[in-house]
Amino acid sequence: MDLIEPLVRHFLGIFFLMIGLQFSGRTLGLYDRLKFSHINYGKRGSAPWWHRHAFNLFRAAILGICVVRVFADIDPWLGVFGPLYHWPVLLVGMLLLLTSFAGVNYLQAYMHADWRSGIEAGKGRQKLITEGPFARSRNPLFMAIIAGQFGFFLALPSVFSLVCLITGATVIVRQAHEEEKALARQFGDAYEQYRNRVPRWF
């Protein structure tokens, strides 16, 4: 525990900071190259708009808390679950976060120019991807993100991370429903055939 606990504590602060920098850098690079934003909030007040803002709020809270934990002992304020706060659990959480990170990057690279965050208004820039990992699940990217959220809970088992997990998973499931409705409108029969052939999750 003397080795793993500080390792995981420092890992979380660096990991979420690097995720923020990578996501921002990728988004800016795509915008500079293609001249349109790959980040879509949706209509103000709509379900996707609320999902995006809730996700951003929790992402900022996670980053802030994980960075502060490197320098200060704030765990009593987070409601840490003592029975789970042992090195094997923390280590599994860290490894699950790394696996999720690799999976998200692989899937975004697989989608290449068709990757979007949120629902894009209009038509013409995307195609329906039905092969590779999308031939086994309609939402492999969302599953990878939820796996990462579970990994965060294990790496910092607490009331705070449990709230983040429940909220994050709920928002992602709701967003999946919204995105599927948008894909059905955009691709019509082609998407209906795909939806009948491939499960939403597993």
Side-chain angles (χ1 to χ4, degrees), residues 1-32 37-39 41 51-111 115-118 133 139-173 175-176 201:
M1 190 70 171
D2 290 342
L3 174 65
I4 299 300
E5 195 279 338
L7 171 66
V8 174
R9 180 184 292 262
H10 284 76
F11 165 81
L12 288 174
I14 295 169
F15 178 79
F16 284 107
L17 180 60
M18 295 304 293
I19 288 233
L21 292 173
Q22 184 206 29
F23 188 78
S24 299
R26 176 185 174 87
T27 301
L28 290 171
L30 285 168
Y31 182 81
D32 284 345
S37 177
H38 285 60
I39 311 301
Y41 278 72
H51 297 161
R52 167 64 64 179
H53 282 285
F55 206 79
N56 286 348
L57 177 65
F58 275 88
R59 184 164 51 188
I62 289 169
L63 172 59
I65 283 173
C66 287
V67 170
V68 169
R69 284 184 77 237
V70 173
F71 304 100
D73 181 17
I74 59 170
D75 287 4
W77 296 91
L78 303 178
V80 169
F81 298 132
L84 290 177
Y85 202 80
H86 296 286
W87 74 263
V89 178
L90 305 185
L91 189 60
V92 168
M94 185 177 76
L95 294 175
L96 190 52
L97 277 167
L98 288 171
T99 302
S100 167
F101 177 72
V104 168
N105 276 280
Y106 169 80
L107 290 161
Q108 288 182 347
Y110 190 91
M111 297 172 78
W115 172 76
R116 302 288 187 277
S117 180
N139 294 289
L141 186 57
F142 282 163
M143 286 200 303
I145 294 171
I146 291 174
Q149 292 174 331
F150 183 60
F152 174 59
F153 170 72
L154 295 179
L156 177 55
S158 61
V159 173
F160 169 70
S161 59
L162 181 60
V163 170
C164 291
L165 172 60
I166 293 171
T167 303
T170 301
V171 167
I172 284 176
V173 169
Q175 182 66 12
W201 302 110

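What you are looking at is a predicted structure, and each value in this text was computed from that prediction instead of being measured.
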Would you give the length of the straight line joining atom [atom1] of [X] to atom [atom2] of [Y], rounded to the nearest 0.5 angstrom?
X      : Y      : atom1 : atom2 : answer
Leu156 : Leu162 : CG    : CG    : 11.0 Å
Leu17  : Leu21  : CG    : CG    : 5.0 Å
Phe153 : Cys164 : CZ    : SG    : 11.0 Å

Work out which heavy atom in [X] is nearest to a heavy atom in [Y]; give both atom names and the distance.
X      : Y      : value
Leu84  : Val89  : O-CB, 3.3 Å
Leu97  : Gly148 : CD2-O, 3.2 Å
Gly13  : Val70  : CA-CG2, 4.3 Å
Ala144 : Val104 : CB-CG2, 3.8 Å
Val8   : Ala155 : CG1-O, 3.7 Å
Leu154 : Gly93  : CB-CA, 3.6 Å

Hey, does [Y] have a side-chain heavy atom less than 4.5 Å from the side chain of [X]?
X      : Y      : value
Tyr85  : Glu5   : yes
Val173 : Phe142 : no
Leu165 : Phe152 : no
Met94  : Ile4   : no
Leu90  : Pro157 : yes
Phe55  : Thr167 : no
Met143 : Ile146 : no
Tyr110 : Pro133 : yes

Listed once per pair and sorted, the side-chain hydrogen bond (donor to acceptor under 3.5 Å, both in side chains) pairs that draw on residues 89-107, sequence neighbours left out: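 Found Gln22-Asn105.
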Inter- and intrachain pairs under side-chain hydrogen bond (donor to acceptor under 3.5 Å, both in side chains), touching residues 140-159, at least two apart: Ser158-Ser161
Step by step, work out the side-chain contact (heavy atoms from CB on, under 4.5 Å) result for Val67 and Phe16. CA-CA 8 Å; Val67 170; Phe16 284 107; over 6 Å; no
Neighbour count above 12 (heavy atom, 6.0 Å) for Trp201 CH2: yes
Please work out which of the three classes, parallel, tilted or perpendicular, describes the rings of Phe101 and Phe15, given edges at 30° and 60°. perpendicular
Could you walk me through whether Ile62 and Leu12 satisfy the side-chain contact (heavy atoms from CB on, under 4.5 Å) test, starting with their C-alpha distance in whole Å, then the side-chain angles of each, then the deciding distance to 0.1 Å, before giving a yes or no? CA-CA 9 Å; Ile62 289 169; Leu12 288 174; over 6 Å; no
Tell me, please, which residues at least two apart from Ile65 pass side chain to side chain contact (heavy atoms under 4.5 Å, CB included).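 Partners of Ile65 under the side chain to side chain contact (heavy atoms under 4.5 Å, CB included) test: Arg69, Ile74, Leu78, Phe160.
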Between Asp75 and Arg9, does the side-chain contact (heavy atoms from CB on, under 4.5 Å) criterion hold? Intermediate values first, please. CA-CA 11 Å; Asp75 287 4; Arg9 180 184 292 262; 3.1 Å; yes
